[in-house]
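Here is the structure we will look at.
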Amino acid sequence: MQTKYIFITGGVVSGLGKGIAAASIGALLEARGLSVSLMKLDPYINVDAGTMNPFQHGEVFVTKDGAETDLDLGHYERYTNATLTRKHNCTTGQIYDSILRKERAGEYLGETVQVVPHVIDEIKSTIKAAADDADVCIVEIGGTVGDIESLPFLEAIRQFRLEHGREHALFVHLTLIIQTTEMKTKPTQHSVGKLREIGIQPEILICRTTEPLPDKLRQKISLFTNVEANAVFDGLDVPSVYEAPLMFQRQGLDDRLVEYLHMWTRQPKLQPWVDLVETYHNPQGEVDIAFVGKYVNQRDSYESLNEALVHGGIANQLRVNLHYIDSEELEFGSAAERLQAVDGVLVAHGFGVRGTEGKVAAIEFARVQGVPFFGICLGMQMAIVEFARNVSGVKEASSGEFRPNHAQNVIDLMPEQKGKQETGGTMRLGAYKAELVVRSKIARIYQTTRISERHRHRYEVMNEFVPKLEKAGLVFSGRYPERDLVETIELPEHPWFIGCQYHPELQSKPLKPHPLFASFIAAAHGHRTRRQGQLSSGETLETAHA
Ligand code: GLN
């Protein structure tokens, strides 16, 4: 079957949740038995998201094949079964990069290279390449209609539709209903007007709104935008983002999509999503987790990690209360005070020295007090630094990232990377296989000794320090055999102390929580139960459980 395309644009303001809408549409179509592919077109000129500040742009999501992409790809993978790669996120920078290379190689044979047709054609072929022979390819266009920089993408999808016809290419537009004393539809009218000026008439509107649109308003929007009233949907705020697919399905969004695309499918099987939402709303208990990082004032910066912790909660029917702690604030010995009342400590990934001593302090607290600890990437590296300094007697232990050319760097560049760190291309990116030690805690958690996880880092554990650290009790429980690199660590005597060089959060899904997060949250709940048992004197562990 020929792939059909759904193009999703947004208007009025950015940050409307286009990514969640695209991912939800993907989930609904999969529930109807269709295969989907998803892609994001980003109008910015950066070639990829790798060089962009997470403060501004949110986390960098890493695909299996090692592309550093927009965080929306994380939503796509969490909601669907699609495996996305570098061709599923395309930026203006990439389009121009590819055109300029071709131009230098003489491929245009003396032609004048122009936005129309060359840039537009390049965009269209990128869209086709992302389809992966799926039944439906969902294409989200970043930015807002009316931005100068998104014009070439809109022109490309307009032409795409002309060439493929409505049954094969559908336009969905997201807008915002402004709520003052009443619901205001004017910005929606303008936004669709702007689209139509460009030559795009959307078939479906999703109006972000806090309350359902009254029928009269739906009729009015329909009249002004030329969209059928039964194709104007409410994009309601939902308590959990995982309710979005059901919220849209209840209104019949997927019915309309398959009808317009002339696809005949079964009714959607959504029981797993229904169960998921049910579990989310009826937790059997809760845990308090300290989330120690340095971009903690912006949730987007750690999107996948936040979600993976929620998934870990769902796996245990527990509510996860995340307490964001800025690692810089921990530097002056306040760790004990700040972490006293939590059930688990997660130390996040990161780059640069700022806040790392606070991470070390948090890790020391968790290690000594027997509080479940999970270290991700830099979080694992700092756990090794902490252990080296405080247990193995490598008093000045550090990382080459902060103290280049220092003799006690337990974390450093590999010899072949030295001198190249500023030139790019030295990061370990994407999926790598690791082998876990038989009977290690981590192998028991995964229930296998062979795993594949995604990476995004430059520095590695220095093997020359490993025997000394092992002697003091640290277990190196996982390695990447081909280059003999450390992948995971654990402390056998501790209730739950695990660090990994990779990013397990990138493969966690609400319907398939990652085993490490599920296990960490379970351990945190165990710690909470013990802690509360100790608090209420006279109670035994059993009664505390009850
Ligand atoms: N900055 C560290 C490195 O490059 C860790 C990276 C990370 O936490 N993702 O190795």
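We count ligands from 1, going down the list as the structure has it; atoms in each ligand are counted the same way. Note that the structure is a prediction, hence the values are computed from the model and not measured.
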**OP:** Determine whether Val437 and Val475 make a side-chain contact, defined as any pair of heavy atoms from C-beta on separated by less than 4.5 Å.
**Re:**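 No, every pair of side-chain atoms sits at 4.5 Å or beyond.
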Under a 3.5 Å threshold, I'd like every N/O contact between ligand 1 and protein atoms, with atom names and distance.
{"from": "ligand 1", "atom 1": "1 (N)", "to": "Gly350", "atom 2": "O", "distance (Å)": "3.0"}
{"from": "ligand 1", "atom 1": "1 (N)", "to": "Glu401", "atom 2": "OE1", "distance (Å)": "2.7"}
{"from": "ligand 1", "atom 1": "1 (N)", "to": "Glu401", "atom 2": "OE2", "distance (Å)": "3.0"}
{"from": "ligand 1", "atom 1": "4 (O)", "to": "Arg458", "atom 2": "N", "distance (Å)": "2.9"}
{"from": "ligand 1", "atom 1": "8 (O)", "to": "Gly350", "atom 2": "N", "distance (Å)": "3.0"}
{"from": "ligand 1", "atom 1": "8 (O)", "to": "Gly350", "atom 2": "O", "distance (Å)": "3.3"}
{"from": "ligand 1", "atom 1": "8 (O)", "to": "Leu378", "atom 2": "N", "distance (Å)": "3.0"}
{"from": "ligand 1", "atom 1": "9 (N)", "to": "Arg456", "atom 2": "O", "distance (Å)": "2.9"}
{"from": "ligand 1", "atom 1": "9 (N)", "to": "His503", "atom 2": "NE2", "distance (Å)": "3.3"}
{"from": "ligand 1", "atom 1": "10 (O)", "to": "Gln381", "atom 2": "NE2", "distance (Å)": "3.1"}
{"from": "ligand 1", "atom 1": "10 (O)", "to": "Arg458", "atom 2": "N", "distance (Å)": "3.1"}
{"from": "ligand 1", "atom 1": "10 (O)", "to": "Tyr459", "atom 2": "N", "distance (Å)": "2.8"}

Original post:
Would you say the side-chain atoms of Ser392 pair up with the backbone N or O of Val394, donor to acceptor, closer than 3.5 Å?
Top reply: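 No, the answer is negative, given that no donor and acceptor are paired below the 3.5 Å cut-off.
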Original post:
Do Ser125 side-chain atoms and Glu122 backbone N/O form a donor-acceptor pair below 3.5 Å?
Top reply: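 Looks like yes, one N/O pair under 3.5 Å.
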**OP:** Determine the interplanar angle of the Tyr324 and Phe291 rings, folded into 0 to 90°, and report it as parallel if under 30°, tilted if 30 to 60°, perpendicular if over 60°.
**Re:**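 Ring orientation of Tyr324 relative to Phe291: tilted.
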Original post:
Which residue pairs satisfy the ring-ring contact (aromatic ring centres under 6.0 Å, His included) criterion with at least one member in residues 360-388, sequence neighbours excluded?
Top reply: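 The answer is Phe373-Phe497, Phe374-Trp496, Phe374-Phe517, Phe374-Phe520.
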Subject >> Salt bridge Glu487-Arg428, side-chain N to carboxylate O under 4.0 Å >> reply: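 The answer is yes: the pair qualifies as a salt bridge.
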